[in-house]
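Everything below concerns the one structure shown next.
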Amino acid sequence: LVWVMQPEAVCACAGRRLEVQGLFGLDIVNQYFEGQRHGDLLQFVQWLQASKEAWCDASGAQACVLTRMPAGVSLTAELGAGNVEADAISLHELTSSYDLGRSICDFYAGQRSVLLIQADLAVCSSRMLEQCRFECEKRRAEFIRARQQRTEVDDEEPPRFIIVVVHLQQNGQNFSFDFDARWWHAFLDELQPQPETGLPPLTKMMKASLRDVITELHRGWLMTYCFRGALAKMVYPYTRTAAELSSQIQQLIGMFNDTDFATLLTEPFHEALGRCENTTDPQWYVRVAASQREVAVAGTFQAALHRRIVARQTEALVVLLSVTDRNAGLRLFSDSDKRDRWLGLARYALGATAVQSRLDRCMYSRNTGPQDVGHDALTASKPFHARYPFSWVVSASVDGLRSALDGVSAQELPGVLAVQFGLLGIHQAVDVALVGGLLDDYLADFTAMHLPWSSRCTRDMQADYLKILLARQFGRDPGSILDVHATFWLAERAVHLGARLLDAVPNALTAWRALIAGGAVETELDLRMLQTALEDLVKDLHSLEGNAHNGELLREWLRREEIAHGVAHEMLAGGAANRTASAAAIVAELRATLMAKLQVARGFVERIALPLKLSGEETAKLAKDVMRDPRSSDTLKAALTHAQDLMSRSSAKSAPECCSEFIEYWILDVCLGSMETIQQLPRDCLSLLCGIAAGQPVILGPGGNVLVGKAAAPNLRMPSCIAQLDGGTLSRSRALDLAIVRHLWLGSASGERSDIRACLHERLHE
């Protein structure tokens with residue numbers, strides 16, 4: 001009975017501790033796995049040849065071997081490797097019982113010692129098996145009778161063994177047989193000898209807990225065996241090429257052979273095994289035996305146990321590698337200059353409670369599914385490759401102290417931060433000093449984790465910007481990681497505003513570096529940096545070239561101008577009370593010139609250059625003319641001059657409408673956009689606006705001057721429009737006059753510009 005038991009059934013019996021074992025002194029597990037031969041077909045045949053007590057007669061034996069292995073494997077080669085000469089036939093390939101009898105007769109007439117008859121129950125019926133047994137017994141009786149009748153018997157004639165291999169179905173289909181003295185019955189979990197995979201044999205796995213079985217395996221070997229399955233479950237936040245995957249596999253193979261790396265990953269895995277009740281149970285195999293599906297999927301009981309070992313290591317590797325390769329940091333282990341720092345921080349990171357919890361969950365479950373390899377970039381869609389080992393761990397640890405240090409003065413913050421950091425466990429794992437190239441490496445990672453990604457400004461440029469700000473603070477490069485964080489906390493708003501401005505004007509970085517190196521006044525430095533950035537933005541529009549229209553380039557410039565305008569507004573909006581006289585003068589100059597120029601340029605690009613599809617060269621020329629003095633009559637003069645030129649072209653049919661929109665935008669948004677701008681309007685510009693508000697159109701005089709009112713038309717009999725030009729008229733919106741009057745009237749309410757109302761009354765009277 002024990003010979004025909006399946007190994008999982010033996011384990012189930014052992015797990016239930018049946019009394020029959022104690023009554024008869026039978027240790028089923030030891031009897032099955034040690035006393036009998038259920039390993040593979042070669043072992044069984046060799047045992048059968050050597051154990052004459054199992055023979056059915058003096059000429060050998062007949063055996064029926066049951067297995068759940070598929071029938072498509074060739075067994076003669078495996079037996080030949082063990083010096084067992086065998087013939088093999090497949091029962092379902094024979095057309096009749098005559099063919100079967102003929103094959104058996106040929107075997108007995110030959111010199112082979114073993115005949116294998118494979119019967120697959122998927123295609124062979126029970127009647128065919130009964131007929132097969134009958135033919136075997138009949139031909140064997142004939143062989144023995146003929147041998148007894150011979151006068152001379154060859155003593156060297158080998159014994160003959162017929163092995164009928166019955167391939168059972170995995171779906172649990174029943175198969176019945178009778179115990180017969182003429183047949184030896186046995187169940188084999190495997191038919192072929194297992195290759196040397198390094199995984200333990202079945203007998204060894206039955207004598208120890210899962211934890212002990214795994215811990216006895218070679219550390220680097222088991223991870224090398226399992227890591228491909230782990231990589232298949234790891235989902236990276238970026239697409240990797242086949243070459244990158246191949247390089248990573250080769251890198252990991254080399255790292256698993258490194259004692260330090262193998263120990264680093266093995267220790268937390270073994271600790272998790274020790275904490276799990278499932279892995280410390282010496283009868284862990286009983287649970288595998290009770291899972292029919294698990295055994296069916298694996299194919300054999302031994303394979304099911306191997307799968308359990310591999311699954312535990314694979315799931316643990318997914319967790320461990322996803323932590324060590326976060327932000328693509330695994331490759332830094334191969335850098336000899338960073339190796340020790342990487343190992344120290346890796347031990348701290350893998351010892352975190354969250355990582356231990358994930359490992360514990362892996363010990364209780366299998367096939368947890370794909371696992372995301374996280375990243376720490378501020379912009380979630382733009383991960384980065386770390387240059388400093390486990391910079392995300394260090395940064396998170398330092399930033400975790402920020403809330404506790406709120407209210408500490410700027411002078412005391414670095415010292416207090418150093419004391420608080422010394423109380424953390426990570427303090428022993430990392431040297432916060434930044435020497436050599438470590439400063440640039442950490443700043444590169446710090447930038448990706450704290451500043452938004454920009455399509456125009458690379459992260460290296462952002463890191464360079466951050467470095468010059470830190471150098472400005474300390475008068476030198478920062479000496480430690482804590483210096484970087486403390487300075488960033490103190491000037492976070494300014495840093496983010498500068499990063500946004502650099503996103504709009506990347507070329508400004510060179511000028512900023514020169515400003516800081518030149519020793520600009522501290523209170524004016526931010527304003528000077530803003531000024532240089534806005535000047536570069538203006539130059540970019542003036543430097544357009546070519547005879548072709550480039551709409552995408554102009555739209556990109558508009559996006560950059562919108563960012564720069566927002567940053568400038570935030571920087572100039574607050575802090576007026578704390579500014580020095582020179583700083584206040586810079587602010588006034590910025591608002592009156594550069595910001596006004598950019599405002600005019602934006603309206604020109606949106607309302608003329610893009611709709612009329614002007615060439616790059618023409619856009620640059622016209623923009624330079626209308627931006628020269630943004631809040632004076634010169635801008636209106638330039639706009640009218642170019643409008644007259646554009647209207648004269650037959651291809652520019654929408655030129656009047658576009659030019660009218662731009663002039664109305666210039667009047668309402670640039671000249672009359674705020675109380676401050678209204679108060680600063682020149683007298684000649686104010687007179688023109690009052691005339692337009694009164695319904696009087698403007699014209700270009702003989703000398704190119706802009707005229708309005710009686711100077712433009714003594715009889716005042718002109719159509720209602722903004723301007724009367726040689727090429728036609730520039731129409732006005734129906735409510736333009738009321739909008740201008742409203743702005744002018746409110747602007748004169750303070751009493752500082754009493755001439756506004758006088759001029760307006762004069763034009764209305766006309």
Side-chain angles (χ1 to χ4, degrees), residues 1-18 20-21 24 26-48 51 54 63-71 73 75 78 121 163-177 179 184-210 212-214 278-279 281-312 366:
L1 284 173
V2 177
W3 266 104
V4 297
M5 291 180 71
Q6 299 181 51
E8 55 268 31
V10 174
C11 296
C13 290
R16 290 195 297 267
R17 302 183 181 278
L18 296 180
V20 68
Q21 300 179 40
F24 301 101
L26 175 63
D27 186 347
I28 291 182
V29 174
N30 185 69
Q31 175 69 18
Y32 188 88
F33 293 103
E34 297 291 344
Q36 299 177 0
R37 299 294 180 268
H38 297 272
D40 56 65
L41 185 60
L42 177 60
Q43 289 184 10
F44 175 76
V45 171
Q46 290 175 338
W47 171 85
L48 190 61
S51 303
C64 180
V65 172
L66 310 177
T67 183
R68 294 197 182 276
M69 294 294 291
V73 296
L75 302 176
E78 304 296 344
L121 290 187
I163 311 294
V164 178
V165 181
V166 180
H167 297 273
L168 305 176
Q169 297 299 296
Q170 291 285 359
N171 58 9
Q173 178 183 354
N174 292 329
F175 173 73
S176 61
F177 58 91
F179 288 104
W184 190 272
H185 293 81
F187 182 89
L188 300 184
D189 198 37
E190 298 273 1
L191 292 180
Q192 296 174 300
Q194 293 303 297
E196 292 296 331
T197 60
L199 293 171
L202 188 58
T203 54
K204 189 172 183 179
M205 291 187 288
M206 304 293 293
K207 299 178 180 179
S209 65
L210 179 60
D212 295 337
V213 170
I214 293 178
N278 291 349
T279 59
D281 184 3
Q283 290 190 332
W284 63 282
Y285 50 83
V286 175
R287 285 188 296 273
V288 181
S291 176
Q292 295 183 0
R293 182 180 181 278
E294 189 172 351
V295 176
V297 170
T300 65
F301 183 59
Q302 175 174 284
L305 296 181
H306 286 171
R307 281 170 60 90
R308 183 68 67 93
I309 295 173
V310 171
R312 291 291 181 267
R366 300 180 304 281

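Position 1 is the first residue of the sequence; numbering continues from there. Every heavy atom of this structure was used, including side-chain atoms; hydrogens, water molecules and symmetry mates were not.
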*Within a strict 4.5 Å, meaning less than it, do heavy atoms of the Pro7 and Tyr285 side chains meet?*
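With C-beta onward as the side chain, the pair stays apart.
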*With a 4.5 Å limit on heavy-atom distance, are the side chains of Val213 and Lys204 in contact?*
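Side chain of Val213 against side chain of Lys204, heavy atoms only: no contact under 4.5 Å found.
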Quick one: pull up [atom1] in [X] and [atom2] in [Y] and give me the separation to the nearest 0.5 Å.
X      : Y      : atom1 : atom2 : answer
Leu305 : Leu210 : CG    : CG    : 9.0 Å
Glu190 : Leu42  : CD    : CG    : 13.5 Å
Gln43  : Gln36  : CD    : CD    : 12.5 Å
Leu41  : Ile163 : CG    : CD1   : 7.0 Å
Thr67  : Asp40  : OG1   : CG    : 10.5 Å
Arg37  : Leu48  : CZ    : CG    : 12.0 Å

_Residues Met205, Leu199; criterion side-chain contact (heavy atoms from CB on, under 4.5 Å); working and verdict_ = CA-CA 10 Å; Met205 291 187 288; Leu199 293 171; over 6 Å; no
Can you name the closest pair of heavy atoms from [X] and [Y] and give their distance?
X      : Y      : answer
Gln302 : Asp189 : N-OD2, 3.0 Å
Pro200 : Ile309 : CG-CD1, 4.2 Å
Val288 : Ala304 : CG1-CB, 3.7 Å
Trp284 : Ala208 : NE1-O, 2.8 Å
Ala289 : Glu8   : CB-O, 3.2 Å
Leu1   : Met5   : O-CG, 3.1 Å

_If you apply the rule side-chain contact (heavy atoms from CB on, under 4.5 Å), what do you find for Val166 with Leu168, and how did you get there?_
CA-CA 6 Å; Val166 180; Leu168 305 176; 3.9 Å; yes
*Looking at residues at least two apart in the chain, or sitting in another chain, which of them share a side chain to side chain donor-acceptor pair (under 3.5 Å) with Gln6?*
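Listed in chain order: Arg68.
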*Between the side chain of His185 and the main-chain N/O of Leu66, is any donor-acceptor distance below 3.5 Å?*
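Not a single qualifying donor-acceptor pair exists.
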*asked:* Can you list everything that forms a side chain to side chain contact (heavy atoms under 4.5 Å, CB included) with Ala303? Sequence neighbours excluded, please.
replied: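 Scan of Ala303 (side chain to side chain contact (heavy atoms under 4.5 Å, CB included), adjacent residues dropped) gives Ala298, Thr300.
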_I'd like to check the side chain to side chain contact (heavy atoms under 4.5 Å, CB included) partners of Ser209; sequence neighbours left out, ordered by chain and number._
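Ser209 satisfies side chain to side chain contact (heavy atoms under 4.5 Å, CB included) with Arg211, Asp212 only.
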State which residues pass ring pair (Phe, Tyr, Trp, His ring centres under 6.0 Å) with [X]; sequence neighbours excluded, sorted by chain then number.
X      : answer
Trp184 : Trp3, Trp47
Tyr32  : His38
His167 : none

*Check the pair Phe301 / Val10 against side-chain contact (heavy atoms from CB on, under 4.5 Å), numbers first and verdict last.*
CA-CA 11 Å; Phe301 183 59; Val10 174; over 6 Å; no
